[in-house]
Structure formats: C-alpha cells, structure tokens
Amino acid sequence: MTATLPENNDQKPVGHGRMLRKEDPRFIRGRGRFVDDLQLPGMLHLAILRSPFAHARILSVDTTAAEAYPKVKAVVTGAMLAEQNLAWMPTLSNDVQAVLATDKVRFQGQEVAFVVAEDRYAARDALELIDVEYEPLDPVIDVRKALDPNAPVIRDDLDGKADNHCFDWETGDEAETDRVFDEADVVVSQDIVYPRVHPAPMETCGCVADYDRIDGKLTLWSTSQAPHAHRTVYALVSGLPEHKIRVVSPDIGGGFGNKVPIYPGYVCSIVASLVTGKPVKWMEDRSENLISTGFARDYVMRGEIAATQDGRILAIRTNVLADHGAFNGTAAPVKYPAGFFGVFTGSYDLEAAYCKMTAVYTNKAPGGVAYACSFRITEAVYLVERIVDCLADALGMDPVELRLRNLIRPEQFPYTTKTGWVYDSGDYEPTLREAMRIAGYDELRREQKQKRENGELMGIGVSFFTEAVGAGPRKDMDILGLGMADGAELRVHPTGKAVVRLSVQSQGQGHETTFAQIVAEEIGIPPADIEVVHGDTDQTPFGLGTYGSRSTPVSGAAVALVTRKVRDKARIIASGMLEVSVADLEWEKGSFHVAGDPEKAVTIQEIAMRAHGAGDLPEGIEGGLEAQICYNPSNLTYPHGAYICVVDIDPGTAQVKVRRFVAVDDCGTRINPMIIEGQVHGGLTDGVGMALMEIIAFDEEGNCLGGSLMDYLIPTALEVPDWETGFTVTPSPHHPIGAKGVGESATVGSPPAIVNAVVDALKPFGIRHADMPLTPSRVWDAMQGRPTPP
Ligand code: MCN
Ligand code: CUM
C-alpha cells in the first residue's frame, strides 16, 4: 500500500512563506541518498584500529595475522603512511594531526592502523588480529594541570615543544577594564565550566573514496559540511590538482558541526583507494563517532562582572582555559583562534571588557568548534548570561529588570562592542518584552513565591543573546587561507524553469526549499520550478560551506544578488520585446510591464524563451539567461533572542523538569517561518540536552566515559516541553534581503536560560551557580551544599 501525502496547500506560488520542504517527500519515504547507501561495483570496506590508551608510545605493530585473514586486501600502519609522507595532515587550524599514529597515541580512540577488506565484517574482524605493543605514558586529562611544569608533553612531534601550551589569545582593553573594575560599586565573579559535549548527529561520519586510475580522478563522497574547502585540503595533502578531485556531499543525516573538520578516516579511505584502485567505503560506528570525532566546548571560564549599586553593568572580564584535545583540529577563521568568543560582552552596553584565554593540549580527542556553537558564541553567551544572573542575585534584583536596564538601545546601532565587533542592527527590548508577555512573567513570579512558601522548587530562568553569524568579510576571515566568500550561479532554462547552484551544503536545514524561495521571491518563478543544486564540487561554484549559520547570511545574499543580476538582464530583453526603453519598465513579481500600461507585459518565462530563442536580442546582449557571482559579506549578521524557561525540581529526587520554554527569536527577514521554527525547536532540544544530560567525561586514565548513547544521554520527546515560540523582525541593513542566520540561535541561547532557571529554583538553598549538566546527582549535591565536580 502506498501512503498519500497531503498537498503542499500552503505553498505560495512565489517567495517567502511557510512552504513545505521540497526535500521531505524523499526523506519521509526513505529515499534519501546518504553516503552509506552508496554501493559501487567492486567496493572495498575500511575499518580503523583505534588506540585503547589515552597516551602511549607505540613500540611495534604486527599486521601479519590480519593480512592473512580471509577477504583482507590491505593492512596499513602509520609507519607505512610515513614512508609516503602521508602520516600527518594539516588541520583546519594550521596545526597538524596524525592520520595514523606513528610515534605514539595521544587520545583514546586515536587512529592506529586500518584494514581494507571485501566486506565490512572481515575488515572489522581483522582489526582484532593486529598486534600493537604499547608503552603506556602518563596522560594529561585535567585541563587545569596541562601546564604544570612536570606535565607529560603531548605534542613532542612539534619542533622544540616542551609543554602543552596550544595558544594564547586576548581581546579588549585590560588596563581600562581593570580601572573600571577598581572603581565599581559591585564586583561579582564566578567560575563556570562549559563541559565537553558532542553534536551526535544521527548519521555518523564516513565516506566512499573512488580513485580512477585511467583518468587520474578521485571522487570522494563524504559527510562534509564544506565540500569545496575539503577538496582544497585533499589537493594539498595528496598532490592531486583540484580539477582531478571531486568531493560530493550527498544527503547528510545531521552535521551540527561534527562534519566540518577533516578526519583521518577520509584520508585513509583516499589512500586505500589510491593503493587498491578500488572504491573504498569507511563508515564509523556510533562509539567511534562519540569518542574520536568533533567534540564541542570544553571551556573552563572565570567570569567577572562590575556594576553600579543600582544595576548598571560597567564591565566584564573573563579568563578562559580552553581544552583543545591532542590536536588543534577546530575550524575557526585564522585570525580568530577562539572563534567568535569575543562577543562575550553579550547584548549589553558596557564601558569596558577584557578576555584572556589560554588553550592547551590534553590527551583527549580534538574538537571544540561544533554543536551549533556559532564559532564559540555558545560559550560566550553562557558565560555572560550566567554571570549577569549572578550579579542580579548579588544586587537582589530581578534578572529581567537588570537586563532591561542594560540592553543596547536601538539608536546605538550599528553598535561597536568593547571587543571590536560591530553589531549590525537590533531592537532588543521589544524582543524581551514579547518573551515576558508570552510567558506571563509577572504571574510566574507570583506563582513561584507561593510555591516557595509551600517548599516547592520552581525556577524561572531568562537569557538574552546576540550572535555573530555569517562568516565573513574576507578581509579578515579565512580558513587555512581560503577567504570566506560564497559563489552562486543561477541558470534559467528556455521554458522558464531554473537551477540555482550553491557552495553551501545542507545537513537537514532545508536549503532545497529556502534557497528556491529566495530565487522565487526575487524573480517570480515558482519554487517548485527551481532546482537547488549543492554538495558537489563539480557542479557548484567555490565557497566555504555550511557552519556558523553562514548559509543564509552569505550564500543567501549571494543567491538574492545573482537572481537580481539575471533579472537585470531579463529587463533589457523585455525592453526589446516590448519595444520600450528599460527605464519605462516596471517589475511585478514574475513579469515586466510598460509603466502605466499593465496589459503590455512579458512574463519571466516568455523572456527566458526569447533569451534562448530565435529573433533579435537588444544590442550587445548575449543569448541565455544566467549569471554567476561571488559574494563577500561586508559584515556578519547579528540575530538576537530572548528566552524564558520554567522548571520544577522534585525535592526528593532532584530531578529537573522543564515545564515551559518560551523562545522569541529575531533573525531579521524570515524566509520560511516553518523551517525557522524547526531550527529553533531542534536547538532548544539541544539546550535541554546540554543543560541537563550531556557530557563527555573521562576517567583519570583518559578513558572516555561517554562512548555510547547509553552513557552519553541525549534528550527525547519525553524530556522536552511543548516549545512556545515567538519572533520579532529587525532586518540586517547590509544583507540584500535583510536576513540573518538562525540555525544555531536556540542552541546558543537556551542552556543559560535552563541553568538560570535551575539555579533560581535552588535559591532557597543559597546556591548561586552549578555546572552543567544538571543531572539529578549534581542537583542533589548542590542541594546538600556540595560543589559540582570539575
Ligand atoms: N532561514 C530562514 N530565514 C532566516 C534564516 C534562516 O528561513 N532569516 C532558514 C534557512 O533558509 C535555512 C535554515 O533556516 O534553511 C538555517 O539557516 P541558517 O541560519 O543560514 O543556517 P545554515 O543553513 O548555515 O545551517 C547551519 C546551522 C549550523 S552551523 C548547525 S551546527 C546546525 C543548524 O544549522 N546543524 C543542523 N541546524 C541544523 N539543522 C539540521 N536539521 N541539521 C543540522 O546538522
Ligand atoms: Cu559550531 S557547529 Mo555549526 O557551525 O556547523
């Protein structure tokens, strides 16, 4: 029996609106095409042997038994890769990372050797037969001890490296900030940990590498959020020119930043295909994903805030110890090694701010920039929104009142923060007021007062965030030297159907729909007639990919502008068809007509046919109706939002229940409200996970304690409330359609609201802070006056 789907009945013929997703008929029928669906003739399977130790010297690797195992085609070790100068690869942060370990292993789960076999089972079985002799070394697990003078040195592969220091970074004016702090009435400081978490997308990372020895071309189908950038790195590593490398990202089952870095598994698969001349598939399993790829956060922060007695916030000072794991593998613009953490000044009008950060190596998997972090804005927003609540507590002020008193005012935009970021636009107070209205804030406070009198633990938490998304202006943003501009190409066919080619790559955000909507809005061709092509370097223009919610701010702008370019050409052709001057034409979605005579009109479809057809075109106009551009944004876009969370805590079990959550987001012009809502719902669910459940913890030996979804808990429908969402619209002044990003907003903004709510509920116990994840045992400890574990 075949199910029928409801009609796309709210699909508007053109433009922005709540249109159903074009990609969903394929996804909900199980017809998505994911990397692991790919079956090529003669394809081999690759499995990776991983280190059981966090830190150990490799004394010997014996592959004899594995090589003799049935169906095994090759067994490759780090030493063999080293002979080809392939044992190390560049990371997206200008560090190097071992493809396969040669000298020693530096985190549990690190890649040590791989097996290529005729099927997946044989490859896995043969791993067991590889005999590696290790000499265990003391690991560095506690980030606070990484710089101890006697700490074992992890990165002795780096020339002259005698400690575990990764980088230092600072922003703001230290002297001025110190002065403001010295003169302030009130200073509050708080140690705050943002624990290591994992984006845990439904689909793990993997690839199929296929090197064609005849034409010398490598095709890599991979779970990549940035196919073009990855292709360049492969070109640099392999020596193959870019035109001989094709990177294809087919459907991706969630990325959340996990699929930005380049992993050893991709490189191993390429090597295996080069060596065997066969296509080679590698798909990591869930544990491999959780222990070895793309962690997020891991910031140990001290936040300090200075204010006047009546609640004017003057300055914020922070000191951060950043755990980057064994290799600095994060993707961040070169000038911003701490990502965009610099926006820790939040949404407030301050006199001074200063941050000093030290990043270190530890014996843990590399990571940092992932899990909808907007390049570390998650950490920044958590810091400022927690510390503002600590200040409210110290002043005995309502946290909403304190925020309202300090928000940047609309007439101050564009607003330059004390750390040098230029917030493009914002109107903050109405957004916070709207959240308060939906939540019924005053009524909630009355209810809480009553409940407290009865010994019930109810908490109300607020957060207000500003993000900086859409990296970025190429004058100061690049990844590995690649400027962060995006190409876009639009081609209108003779019958008026169109194809738009993007450099960004969707992992579930609905780009096939929303980018068609942008074109539709600009040129009047229905979205159904517009095909969105992405995720294939042979089919799309160069650009830096999807992360940091940059698709709408950068590629969205590129698509609007390329469509306008096509429309400009269409106008000239229309002037020829209607025999009037260009200046006498008026555009109305989908057609040009002679000013004052709407009857004399030509549709975009008629123009497209003329552009390709017989008959003259105006002087100097080539045939065809297409254009290409490369868009370099002049600034980032700055979405904002106000969140209010209500929790109840069971005093007997310390279990936190999120009763209500109100999220009011402002992402400027909204392209598809339904998709925005979906993005927000997903991000809020992430927030519940991080605030209450998720942590990748390690024991003293560096064993990862969160290697399965039995231990690494992620939220389900049972842990989350019915989300209550609202919105305000403050368009971006520099984006051609005024849109700002939204894909990470809720993940950024929700954890502080939830933690603030839990801490608020625990006020009767005299608690001012507790570190995430606020599991029942941690909340119980907090209630007993015990500190949360580091
Ligand atoms: N959108 C809109 N109107 C706006 C802004 C955005 O309609 N004003 C729509 C966009 O057209 C797009 C979606 O919302 O379809 C998200 O847009 P944007 O904010 O530009 O973010 P990106 O498309 O660049 O997506 C990246 C962002 C990141 S960095 C992470 S991490 C994350 C997120 O998106 N990963 C996701 N959301 C995710 N959602 C899914 N389903 N899967 C992931 O892996
Ligand atoms: Cu920081 S996760 Mo998203 O940028 O892919």
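From a predicted model like this one, the values you see are computed outputs, not experimental measurements. Just so you know, ligand 1 is whichever comes first in the structure, and atom 1 is the first atom listed for that ligand.
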Please write down residue, atom name and distance for the protein heavy atom closest to atom 44 (O) of ligand 1.
G255 N, 2.6 Å

What part of A296, side chain from CB on, backbone N/CA/C/O, both or neither, has a heavy atom under 4.0 Å from ligand 2?
neither

Which bit of T546 gets closer than 4.0 Å to ligand 1, counting heavy atoms only: side chain, backbone, both or neither?
side chain

I'd like to check which ligand 1 atoms, numbered from 1 as shown, lie under 4.0 Å from a non-hydrogen atom of G257.
31 (S)

Can an N or O of E744 be found at a distance shorter than 3.5 Å from an N or O of ligand 1?
no

With heavy atoms under 4.0 Å as the rule, classify the contact between I676 and ligand 1 as side chain, backbone, both or neither.
side chain

Around atom 4 (O) of ligand 2, find the nearest protein heavy atom and jot down its residue, atom name and distance.
G548 N, 2.5 Å

Any idea which atoms of ligand 1 are less than 4.0 Å away from a heavy-atom of A372?
31 (S)

Using a 4.0 Å heavy-atom cut-off, say whether T669 meets ligand 1 through its side chain, its backbone, both or neither.
backbone

Plane angle bin for Y428 and F413 - parallel if under 30°, tilted between 30 and 60°, otherwise perpendicular:
perpendicular

Under 4.0 Å from a heavy atom of K740: which atoms of ligand 1 are those, numbered in the order shown and with their elements?
4 (C), 5 (C), 8 (N)

Does ligand 1 have a heavy atom under 4.0 Å from the side chain of I675, from its backbone, from both, or from neither?
side chain

Is the closest heavy atom of G668 to ligand 1 under 4.0 Å?
no

Say whether E744, considering both its backbone and side-chain N or O atoms, lies within less than 3.5 Å of an N or O atom on ligand 2.
yes

Are P201 and ligand 1 in contact, using a heavy-atom cut-off of under 4.0 Å?
no

Give the contacting part of Q679 toward ligand 1: side chain, backbone, both or neither, where contact means a heavy-atom distance below 4.0 Å.
side chain

